[in-house]
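First up is the structure itself, then whatever we jot down about it.
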Amino acid sequence: MWLFPGGVDRVTMRAMIIAHVSDTHLDGGPRALRRTRLVFEHLRRCAVDVVLVTGDLADHGTADEYAAVRAELVADVPVLMLPGNHDDRAAYRTALLGGSGDAPINQAVRVGGALFALCDSTVPGQAYGVLGAATLDWLRTVLAGADCPVLIGLHHHPIPLHNPLVDGIGLRDADDFAAVVRDSPAVAAILCGHAHAGAAGTFAGRPLLAAPGVVSTTRLPWTTGETLTWANTADLDGPPGVAFHVLTPGGDITTHFRTVQE
Ligand SMILES: [Fe+2]
Ligand SMILES: [Fe+2]
């Protein structure tokens with residue numbers, strides 16, 4: 001790497017590239033499978049350091065769907081995942097983590113110069129999200145021990161996206177979450193999915209970045225004369241998308257959103 005000659009560790013000293021995708025909703029049908037394959041075939045051709053998938057990996061949380069997750073969400077770099085409201089904790093754990101039980105799935109994973117704090121914001125049986133006291137306590141401990149920039153991942157958006165349908169199923173304890181984030185200067189950004197829409201905002205003074213949906217894109221109220229309902233809010237024709245986050249060793253982040261064309 002010409003930027004850091006002289007044997008400097010390129011993984012820890014150069015900017016990292018994080019490919020962030022979400023909501024593959026693998027359901028056993030051909031449509032989600034085709035779009036997921038399109039995205040991951042593209043990512044495997046890209047020079048990224050890590051792939052993050054922010055939930056709704058499966059559509060109904062069945063064992064067959066998680067077999068597809070295991071087969072399709074693969075790359076030569078680490079592929080980090082967390083659960084969404086369409087996932088099932090017990091089936092997810094059995095298939096992807098090799099454990100059992102339906103406790104929240106929280107994981108801290110170091111990749112290169114970044115620590116990924118992956119939080120389970122799901123509430124079994126509900127579309128909205130809650131982190132809850134136990135997960136926030138876990139997160140507080142992870143952040144207190146961090147010696148590098150931290151990217152917090154969760155499925156549900158903790159800020160209004162100003163799209164009424166989507167905002168009705170966001171994170172419900174965002175104020176408690178914000179208090180934890182504010183206490184830690186190590187948090188570089190918060191990365192979420194669920195909205196099926198690439199979006200950027202601020203949360204607790206940090207960047208909040210939502211990945212585009214693989215399976216569909218949520219339509220915005222101001223781009224259509226139609227009244228949006230759950231029956232017509234998903235644009236099924238537009239291409240899937242990817243967010244590429246470039247994270248510097250100092251914790252600054254720049255995001256590029258791209259679609260993946262068939
Ligand atoms: Fe989803
Ligand atoms: Fe979701």
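One-based numbering, in listed order, for ligands and for the atoms of each. Being a predicted model, the structure only gives us computed values, none of them experimental.
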Name of the D23 atom (N/O/S only) found closest to the Fe ion (ligand 1):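 Result for D23 and the Fe ion (ligand 1): OD2.
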What N/O/S atom of D56 gets nearest to the Fe ion (ligand 1)?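 Closest to the Fe ion (ligand 1) among those atoms: OD2.
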Using 30° and 60° as the class limits, which term best fits the ring planes of Y66 and Y92: parallel, tilted or perpendicular?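 Y66 vs Y92 ring planes: perpendicular.
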CZ on F244 to CG on L43, rounded to 0.5 Å: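 The CG atom of L43 sits 5.5 Å away from the CZ atom of F244.
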H60 and D27: side-chain hydrogen bond (donor to acceptor under 3.5 Å, both in side chains), yes or no, with the steps? CA-CA 7 Å; H60 309 95; D27 60 357; over 6 Å; no
Salt bridge between R35 and D23, side-chain N to carboxylate O under 4.0 Å?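 Answer for the salt bridge query: no.
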Just by modelled atom types, is the Q126 backbone N or O under 3.5 Å from a matching donor or acceptor in the N85 side chain?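 Not a single qualifying donor-acceptor pair exists.
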With a cut-off of 2.8 Å, does H25 put an N/O/S atom close enough to the Fe ion (ligand 1)?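 Yes, H25 qualifies, because one of its backbone or side-chain N, O or S atoms lies under 2.8 Å.
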H194 N/O/S atom closer than 2.8 Å to the Fe ion (ligand 1):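 No.
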Looking at the Fe ion (ligand 2), is one of the N, O or S atoms of H155 less than 2.8 Å from it?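 Yes, H155 qualifies, because one of its backbone or side-chain N, O or S atoms lies under 2.8 Å.
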